[in-house]
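Below you'll find the structure, written out as structure tokens, and then a few comments.
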Amino acid sequence: MTRGNAAERKVEREALISLLAGRPIVLVGMMGAGKTTVGRKLASRLGLAFVDSDDAIEAAAGMKIEDIFATRGEAEFRAGETRVISRLLREPDTLIATGGGAFINPETRELIKAGGISVWIKADFELLFSRVSRRSNRPLLKTADPRATLKALIDQRYPIYAEADVTIVSRDVPQDVVAADIIAALSAHLSGTGPQT
């Protein structure tokens, strides 16, 4: 990175942090969209604390999310998720990567809208499926036809994710590129100088 780029990134970062005024950035979207990987990169670039809400839920419950689903059911998991995200939203200068269903829950969505700035990382079906197929810890995809299940989840969730403050399209590019897209979109949204997407 050249000195000029480093200086420009510092100015851009400081301007965005000022516009955020302590409100957390909350990444929403489907499993496999890149919320955690891009979130870590983005938090590092902005000097924010990074929290994956799924990790925080597991720590609070003392068990893995798969086990919460299996032993307590999805409703109990969602209730715990809402409590954890409510707590995380009160922590300033934080970037929160949420689980795929968090923003779908009306109570959690209202908490995020009131306390943070939401960014939907939108990805197309094939990219998502190629990513989630690599991992076996997706409770909602443990079905006879994971492709059909994922398609149904997209159909149900995308209209709700569209309520996020900002939308960024995830592509098969380096995480730095998506992080830079998010910084530019947030800066434009918060300063009122550009469109949401």
Side-chain angles (χ1 to χ4, degrees), residues 23-43 48-91 94-125 127-143 146 149-168 170 175 178-179 182:
R23 290 173 294 178
I25 297 170
V26 183
L27 303 182
V28 304
M30 288 293 295
M31 59 186 102
K35 299 181 299 288
T36 299
T37 53
V38 172
R40 287 185 199 285
K41 184 69 69 177
L42 184 60
L48 300 174
F50 174 80
V51 183
D52 183 306
S53 67
D54 283 351
D55 291 344
I57 291 162
E58 289 182 345
M63 61 174 51
K64 295 281 185 195
I65 287 173
E66 286 182 274
D67 298 329
I68 299 170
F69 266 79
T71 60
R72 300 181 185 171
E74 185 175 359
E76 181 61 31
F77 168 76
R78 296 294 172 206
E81 181 176 58
T82 299
R83 289 191 298 271
V84 167
I85 289 174
S86 176
R87 175 175 52 81
L88 295 176
L89 285 166
R90 294 192 295 272
E91 297 177 13
T94 302
L95 189 146
I96 305 164
T98 63
F103 201 67
I104 304 308
N105 179 315
E107 184 182 354
T108 305
R109 186 165 64 254
E110 287 310 311
L111 287 169
I112 291 170
K113 286 180 177 184
I117 300 296
S118 54
V119 178
W120 174 22
I121 301 181
K122 182 180 183 180
D124 71 28
F125 172 82
L127 179 61
L128 289 174
F129 193 76
S130 72
R131 289 176 177 173
V132 299
S133 297
R134 296 180 209 146
R135 299 176 66 186
S136 62
N137 64 339
R138 309 286 188 178
L140 293 179
L141 293 184
K142 292 188 187 243
T143 64
T149 302
L150 182 62
K151 179 75 173 86
L153 285 170
I154 287 171
D155 291 345
Q156 174 208 3
R157 292 177 173 184
Y158 274 27
I160 298 170
Y161 291 146
E163 295 181 30
D165 296 310
V166 171
T167 300
I168 290 296
S170 177
Q175 299 158 355
V178 181
I182 292 172

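Since we're looking at a predicted model, the values are computed, not measured.
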CA sep, side-chain torsions, deciding dist, call: Tyr158, Met30, side-chain contact (heavy atoms from CB on, under 4.5 Å): CA-CA 9 Å; Tyr158 274 27; Met30 288 293 295; 3.4 Å; yes
Steps toward side-chain contact (heavy atoms from CB on, under 4.5 Å) verdict (Phe50, Thr36): CA-CA 9 Å; Phe50 174 80; Thr36 299; 4.0 Å; yes
Worked check of side-chain contact (heavy atoms from CB on, under 4.5 Å) between Lys113 and Glu163: CA-CA 9 Å; Lys113 286 180 177 184; Glu163 295 181 30; 2.5 Å; yes
Audit row: Val26, Leu89, side-chain contact (heavy atoms from CB on, under 4.5 Å) steps and yes/no: CA-CA 9 Å; Val26 183; Leu89 285 166; 3.7 Å; yes
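Remark: Arg87 engages Glu91 in a salt bridge (Lys or Arg N to Asp or Glu O under 4.0 Å) (not counting sequence neighbours). Residues passing the side-chain contact (heavy atoms from CB on, under 4.5 Å) test with Thr71 are Met63, sequence neighbours excluded.
For Thr94 (side chain) and Ala49 (main-chain N/O), no donor-acceptor pair under 3.5 Å exists by modelled atom type.
Closest heavy-atom contact between Pro24 and Gly115: CD-O, 3.2 Å. Between Ala179 and Val38, the closest heavy-atom pair is N-CG1, 4.1 Å. Across all their heavy atoms, Ala33 and Ser170 have their closest contact at O-OG, 3.3 Å. Among all heavy-atom pairs drawn from Asp155 and Pro159, the shortest one is O-CD, 3.4 Å. Taking both residues in full, the closest heavy atoms of Ile160 and Phe103 are given as O-CE2, 3.5 Å, listed atom of the first, atom of the second, then distance. In terms of heavy-atom proximity, Ala102 sits nearest to Ile85 at CB-CD1, 3.7 Å.
Atom CG in Leu42 sits 14.0 Å away from atom NZ in Lys35 (nearest 0.5 Å). Interatomic distance, CZ of Arg109 versus CG of Leu111, reported as 11.0 Å (0.5 Å rounding). Interatomic distance, OG1 of Thr108 versus CD of Glu110, reported as 10.0 Å (0.5 Å rounding). Summarising the geometry, atom OG1 belonging to Thr37 is positioned 4.5 Å from atom CD belonging to Gln175; distances are rounded to the nearest 0.5 Å. The distance from atom CD1 of Ile117 to atom CD1 of Ile112, rounded to the nearest 0.5 Å, is 11.5 Å. If you take CZ on Arg157 and CG on Leu150, they are separated by 9.0 Å, rounding to the nearest 0.5 Å.
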Per-pair distances, 0.1 Å, donor-acceptor, side chain in residues 53-62, under 3.5 Å, sequence neighbours excluded:
| from | atom 1 | to | atom 2 | distance (Å) |
| --- | --- | --- | --- | --- |
| Ser53 | OG | Ala97 | O | 3.3 |
| Ser53 | OG | Gly99 | N | 3.4 |
| Glu58 | OE2 | Ile65 | N | 3.0 |

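The side-chain heavy atoms of Tyr161 and Lys122, taken from C-beta on, include no pair separated by under 4.5 Å. Side-chain contact between Val119 and Ile25 is present, with at least one heavy-atom pair separated by less than 4.5 Å. Two residues are said to be in side-chain contact when any heavy atoms from C-beta on lie closer than 4.5 Å; Ile182 and Ile121 meet this criterion.
With respect to the salt-bridge test (charged N to carboxylate O, under 4.0 angstrom), the residues Glu107 and Arg78 do not qualify.
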